[in-house]
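So the structure is just underneath, and the comments pick up after that.
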Amino acid sequence: MTNETRIPPIPMTGLYGAVVKKFAGRMFGRVPTSLGVLWHHLPALKASMAYGQKLQKWDECDETLKTYAHMAVASLVGCSWCLDFNYFMARDKGLDLDKAREVPRWREADVFSPLERQVLAYAEAASQTPPTVTDEMVEPLLAALGPAGLIELTNVIGFANLTTRSNVALGIESEGFAEACGLKPLAVASAS
């Protein structure tokens, strides 16, 4: 964690700034640096936050699968902020933290179910440029999740790509959310 972003954070001002700081303080115990970076373009910040909040309300796909998928994208892209944040949020959502911490090395870890492995593989395949998703990969997910569940999962993966790639490009790195609440460190992916 270097805390040196490519665009320096600015103070969050005005009524909206006060509301965001209060919400962030309650949720994280402090205001993340990333919010100060994104404060330079409020419409972009608001749009990202609004879509992220909408995704959280959808319930066609299991929350665990969506969280693991987002973490798989973050691990693939190299977004330490998203990995840290989603691991921290897994605790608040009551998810299996031993599994969540193993997402960066999911291929070697023996804690994931066959469906969870399919979701993690799909998340990575959808995140490649160009995507490497195959019909054989989609068929079991469609059978397990149904059309609405698979569409929801795919939207979560797309949003994860937006946030992870934006954070990496802007130099936004982990802010120690998981560490601050005493979670074990995330597993480190082994070299492929």
Side-chain angles (χ1 to χ4, degrees), residues 1 3 5 9 12 19-38 44-106 109 111-113 115-117 119-120 122-124 126-127 145 149 152-168 170 172-189:
M1 180 170 69
N3 284 338
T5 56
M12 299 167 58
V19 169
V20 170
K21 287 189 285 190
K22 185 173 185 170
F23 174 76
R26 264 195 253 147
M27 188 169 187
F28 308 118
R30 61 184 157 68
V31 178
T33 302
S34 57
L35 289 175
V37 172
L38 298 174
L45 171 64
K46 288 178 180 180
S48 181
M49 287 174 52
Y51 192 64
Q53 289 171 344
K54 286 179 184 180
L55 283 175
Q56 293 296 316
K57 293 177 184 174
W58 296 348
D59 62 0
E60 295 292 332
C61 183
D62 180 76
E63 192 64 38
T64 299
L65 298 177
K66 293 187 293 187
T67 299
Y68 294 167
H70 195 133
M71 290 179 73
V73 173
S75 183
L76 177 74
V77 171
C79 181
S80 62
W81 195 97
C82 289
L83 269 173
D84 178 41
F85 176 74
N86 278 285
Y87 183 37
F88 167 80
M89 291 304 295
R91 180 198 67 156
D92 286 357
K93 294 174 186 176
L95 304 183
D96 184 331
L97 296 179
D98 290 329
K99 282 186 177 183
R101 73 174 299 279
E102 292 293 328
V103 169
R105 57 176 296 275
W106 69 269
V111 296
F112 297 103
S113 72
L115 177 58
E116 290 165 344
R117 288 181 179 286
V119 166
L120 293 164
Y122 179 71
E124 287 187 358
S127 301
L145 305 176
E152 184 171 314
L153 177 66
T154 304
N155 271 266
V156 167
I157 293 165
F159 182 71
N161 271 277
L162 169 71
T163 58
T164 61
R165 292 174 188 280
S166 296
N167 286 345
V168 170
L170 294 172
I172 295 171
E173 296 180 359
S174 169
E175 295 189 45
F177 300 120
E179 181 182 312
C181 63
L183 292 174
K184 292 182 203 174
L186 282 162
V188 178

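Quick note: residue numbers are just sequence positions, from 1.
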*Is there a side-chain contact between Glu124 and Trp106 (heavy atoms, below 4.5 Å)?*
yes

_Checking Glu179 now: which residues fulfil side chain to side chain donor-acceptor pair (under 3.5 Å) with it, not counting sequence neighbours?_
none

*Would you say Thr5 and Leu170 make side-chain contact, with heavy atoms under 4.5 Å?*
no

*Euclidean distance, Leu186 CG relative to Asp84 CG, rounded to 0.5 Å*: 7.0 Å

_As an exercise, state the distance from OG1 of Thr67 to CG of Leu95, rounded to the nearest 0.5 Å._
5.0 Å

_To check you understand the geometry: which heavy-atom pair defines the closest contact between Ser80 and Ser174, and what is its length?_
OG-N, 2.9 Å

*Distance-only, no hydrogens or angles: does the Glu63 side chain make a donor-acceptor pair with backbone N or O of Gly94 under 3.5 Å?*
no

*Taking all non-hydrogen atoms of both residues, which atom of Ala178 and which atom of Tyr87 are closest, and how far apart?*
CB-CD2, 3.5 Å

*For Trp81, ring-ring contact (aromatic ring centres under 6.0 Å, His included) partners two or more places apart*: Phe85, Phe177

*Quick one: does Ser48's side chain have a donor or acceptor within less than 3.5 Å of a partner on Leu45's backbone?*
no

*Do you know the tightest heavy-atom contact between Gly149 and Cys61?*
O-CB, 3.7 Å

_Contact check, side chains of Glu116 and Thr64, non-hydrogen atoms, under 4.5 Å_ = yes

*Take atom NZ in Lys93; do more than 12 heavy atoms of anything else shown fall under 6.0 Å from it?*
yes

_Separation of Leu55 CG from Lys66 NZ (nearest 0.5 Å)_ = 7.0 Å

*Hey, mind stepping through Leu115 and Asp62 against side chain to side chain contact (heavy atoms under 4.5 Å, CB included) and telling me if it holds?*
CA-CA 11 Å; Leu115 177 58; Asp62 180 76; over 6 Å; no

_Arg105 side chain reached by Val188 side chain, heavy atoms, under 4.5 Å_ = no

*asked:* What's the separation between atom OH in Tyr51 and atom CG in Leu162, rounded to the nearest 0.5 Å?
replied: 9.5 Å

*Short N-O contact, Lys99 and Glu102, less than 4.0 angstrom*: no

_Under 3.5 Å, is there a donor on one side chain and an acceptor on the other for Tyr68 and Asp96?_
no

*Is there a side-chain contact between Asn167 and Cys82, using heavy atoms and a 4.5 Å cut-off?*
yes

*List for me each residue that meets side chain to side chain donor-acceptor pair (under 3.5 Å) alongside Arg101, sequence neighbours excluded, and say none if there are none.*
none

*Minimum heavy-atom separation for Val73 to Ala123, with atom names?*
CG2-O, 4.0 Å

*Between Met12 and Lys21, what is the shortest heavy-atom contact and its length?*
O-NZ, 3.1 Å

_CG on Asn86 to OG on Ser75, rounded to 0.5 Å_ = 11.5 Å

_Please find the pair of heavy atoms, one from Pro104 and one from Leu83, that lie closest to each other, and give the distance._
CG-CD2, 4.2 Å

*Spacing of Leu76 atom CG and Leu120 atom CG [to the nearest 0.5 Å]*: 11.5 Å

*4.5 Å side-chain heavy-atom contact, Ile172 and Thr33*: no

